[in-house]
Amino acid sequence: MEELADIWNCSTRYAKTIINRLATNNVIEWEVFRGRGKKPKLTLLRSKNEAIYEVFDELWNQEKFDKAYELLKEHQLLNHHLAEEWLLNRYGIQQLQTNKHIFRQPYSKVDVNFDPLYFLSRHDFHFAEQIHETLFIFNEESKKVETNMLFAYETEDFQTWRFILRKDILFHNHEPVKASDIKRSLERAAIFTNEMFIYMEIIIINDYELTITLNKPFSLFTNCLASYRTSILPEDHKQGTIGCGAFKFVSNTDEKLQLDVFSHYFKQRPWIDGIEILYTRNMSSFAVSSKPFDDTIPFTEMVFEENGADYVSLNGKTGPLSNPALRETIYSLIKAEDYVMHEWREIEANSWHYGEKLTEVHASTLIPPDQFPTLTIGVQQIREGVNHEREALILQTALANYGIKSTIHIVDFKTTNEDISQQFDLFVGGYAVGRDVILSLIGLYMSPQNTVLGMLSEQEQQLCLDLFEEIYSSDDHELMMNHLNQIETILLKTYSLKFLTHRTHWQYVRKDVNYKRIQFDSHGRIDYKGIYA
């Protein structure tokens, strides 16, 4: 007993208490033998895997998920069928003793920005859309905008708008959503919309009615207000963690992100009662995987093709590549097939539209390499370690093989296009086109961080801006798309934009576990509002 007390770093008396408890629970067998010098015999009544499970279960219940995974990894059980069963039983839809249903999902730990005005990644957007709501929503089936938080709206000239707010909407702090919240949120989001229009006047008529006057007609105003950038937040929004969406923020720790259903949600209540995203560095396939499961496991294959592309902008505004012949030479050296990552299911891109080729471009001019100075390549970085450096290195190699020297510089995502066009000859980036293709492309071209239109010559930029003005004053969807396609053609034919790759998201979902009825949105993300047991 003294030896055990020393191992456990406790008193002999407490060691006896532990032994009695373990024996009572049939974890061990403790035999005492009479006679001098005869020690008691301790027999462990658990197999090694059973003992590991006891520790794993304790760590899990303490929400030390990473340590639980490390324990499995240490004992080479991470991919063992036993450990897989332990984990599968803890993910997916979980019915609690209170008859509540929680959906649990493993996820790599990343910093989440809940403020919809400042989110950068699809990860941020994914969780922001659970918490926040917008005045309008974009219907992916009809490709049209519909009212969401509004009971009705009116406009005769696309410049002055009258909005009538629904009366049954509460924020998560149980304060009613009023016209003053709409005014404050839209003014706050002006840094996102200023490139397209400016609010001349927002007049609050009463708690549920307001009028908005823009500086010019803007037919896509309702589309803009369907963007999560313009989500409606209360005055005390606490960095975006308070909204009026289907789920409310509870906590976000190093171990997990927790969202609970908002029982006063103004639309149909989700069936599940909450979401728990369990952070871990040790991601395994479990029930949802980007790779097919073994043939013995029943699963469903889902494919999501993503509009948007990785690209290279060539600076025709300033620097050596303002010479069209030099720019065409660089363009001809960029081969999209060199950038494709087949293991990520990428394909070559010829347009922002997945799998389409709107414009045929041929680059044949080859200026001798000794006529080029050392070129500077800017690389878009969303956050630390998430950037397009791989693509920039491939570009640098292609230039070097031809005899052109270059340097690579990582550029913060928030750097304005004016700074980029003055500093870099080439810029490597990526853009995912959202559900509303028209508004998404306008956002790409008109954003202060735009590195596409911003590298055109002033004359070509003006051609594009004139096309935008025609888009803003029209409600003809076909005209809008034609004009956007014309802008893409200008960029390609002036050798100012080279498309690299499209992304394809593949999801494989097991049919034999607690994930049978989960739903996915068009981006391949789990739609928590549609989950049921």
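All values below were derived from every heavy atom in this structure, side-chain atoms included, with hydrogens, water molecules and symmetry-related copies excluded.
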Closer than 3.5 angstrom, by distance alone: can the side chain of [X] be matched with the main-chain N or O of [Y] as a donor-acceptor pair?
| X | Y | answer |
| --- | --- | --- |
| Asn215 | Ile198 | yes |
| Thr230 | Cys224 | yes |
| Arg229 | Leu117 | yes |
| Asp124 | Phe127 | no |
| Ser474 | Ile471 | no |
| Thr155 | Thr160 | yes |
| Arg327 | Leu321 | yes |
| His353 | Glu356 | no |
| Ser313 | Thr451 | yes |
| Thr318 | Ser421 | yes |

- Note on the structure: Residues at least two apart in sequence or cross-chain that pass salt bridge (Lys or Arg N to Asp or Glu O under 4.0 Å) with Glu187, listed by chain then number, are Lys183

- Task: Go through the structure and list residues passing salt bridge (Lys or Arg N to Asp or Glu O under 4.0 Å) with Asp476, not counting sequence neighbours.
- Result: none

Minimum heavy-atom distance [X]-[Y], with the two atoms named:
| X | Y | result |
| --- | --- | --- |
| Thr329 | Ser332 | O-OG, 2.6 Å |
| Ala179 | Tyr208 | CB-N, 4.3 Å |
| His388 | Asp310 | NE2-OD1, 3.1 Å |
| Asn350 | Glu488 | O-OE2, 4.1 Å |
| Gly308 | His502 | O-ND1, 2.6 Å |
| Tyr532 | Ile93 | O-CD1, 3.2 Å |

Would you call [X] and [Y] a side-chain contact if the rule is heavy atoms closer than 4.5 Å?
| X | Y | result |
| --- | --- | --- |
| Ile438 | His477 | yes |
| Asp436 | Ser227 | no |
| Phe468 | Leu453 | yes |

Would you mind checking if [Y] and [X] are paired as a salt bridge, meaning a charged N to carboxylate O distance below 4.0 Å?
| X | Y | answer |
| --- | --- | --- |
| Glu209 | Arg162 | yes |
| Asp168 | Arg166 | yes |
| Glu360 | Lys357 | yes |
| Glu305 | Arg503 | no |

Check the angle between the aromatic planes of [X] and [Y] and answer parallel, tilted or perpendicular using the 30° and 60° thresholds.
| X | Y | value |
| --- | --- | --- |
| Trp161 | Tyr153 | parallel |
| Tyr528 | His126 | tilted |
| Phe262 | His264 | perpendicular |
| Phe197 | Phe218 | tilted |

Atom [atom1] of [X] and atom [atom2] of [Y]: how far apart are they, to the nearest 0.5 Å?
| X | Y | atom1 | atom2 | answer |
| --- | --- | --- | --- | --- |
| Tyr311 | Tyr339 | OH | OH | 14.0 Å |
| Ile334 | Leu314 | CD1 | CG | 5.0 Å |
| Glu140 | Ile137 | CD | CD1 | 10.0 Å |

- From CA spacing to verdict: salt bridge (Lys or Arg N to Asp or Glu O under 4.0 Å), Asp181, Arg184: CA-CA 5 Å; Asp181 299 303; Arg184 189 187 311 110; 3.0 Å; yes

- Message: For a side-chain hydrogen bond (donor to acceptor under 3.5 Å, both in side chains) check, start with the C-alpha distance between Glu460 and Ser457, then their side-chain angles and the critical distance, and finish with the verdict.
- Response: CA-CA 5 Å; Glu460 289 153 349; Ser457 68; 2.8 Å; yes

- Message: If you apply the rule ring-ring contact (aromatic ring centres under 6.0 Å, His included), what do you find for Phe304 with Trp506, and how did you get there?
- Response: CA-CA 6 Å; Phe304 305 92; Trp506 294 62; 9.8 Å; no

- State whether the number of non-hydrogen atoms from other residues, nucleotides or ligands found under 6.0 Å of Lys493 atom NZ is greater than 12. no

- Step through the shown structure and confirm whether more than 12 heavy atoms of other residues, nucleotides or ligands are within 6.0 Å of CD on Glu235. no

- After noting the C-alpha distance and the side-chain angles of Asn148 and Glu133, does the key distance pass the side-chain hydrogen bond (donor to acceptor under 3.5 Å, both in side chains) rule? CA-CA 8 Å; Asn148 185 38; Glu133 293 287 334; 2.8 Å; yes

- Task: Start with the C-alpha distance between Gln239 and Asp115, add both sets of side-chain angles, then the distance that settles side-chain hydrogen bond (donor to acceptor under 3.5 Å, both in side chains), and finish with yes or no.
- Result: CA-CA 5 Å; Gln239 288 73 51; Asp115 190 331; over 6 Å; no

- Message: Checking side-chain hydrogen bond (donor to acceptor under 3.5 Å, both in side chains) between Asp425 and each of Asn315, Thr407, Thr376, which is the one that passes?
- Response: Thr376

- Only one of Glu141, Glu129, Glu306 forms a salt bridge (Lys or Arg N to Asp or Glu O under 4.0 Å) with Arg435, so which one is it? Glu129

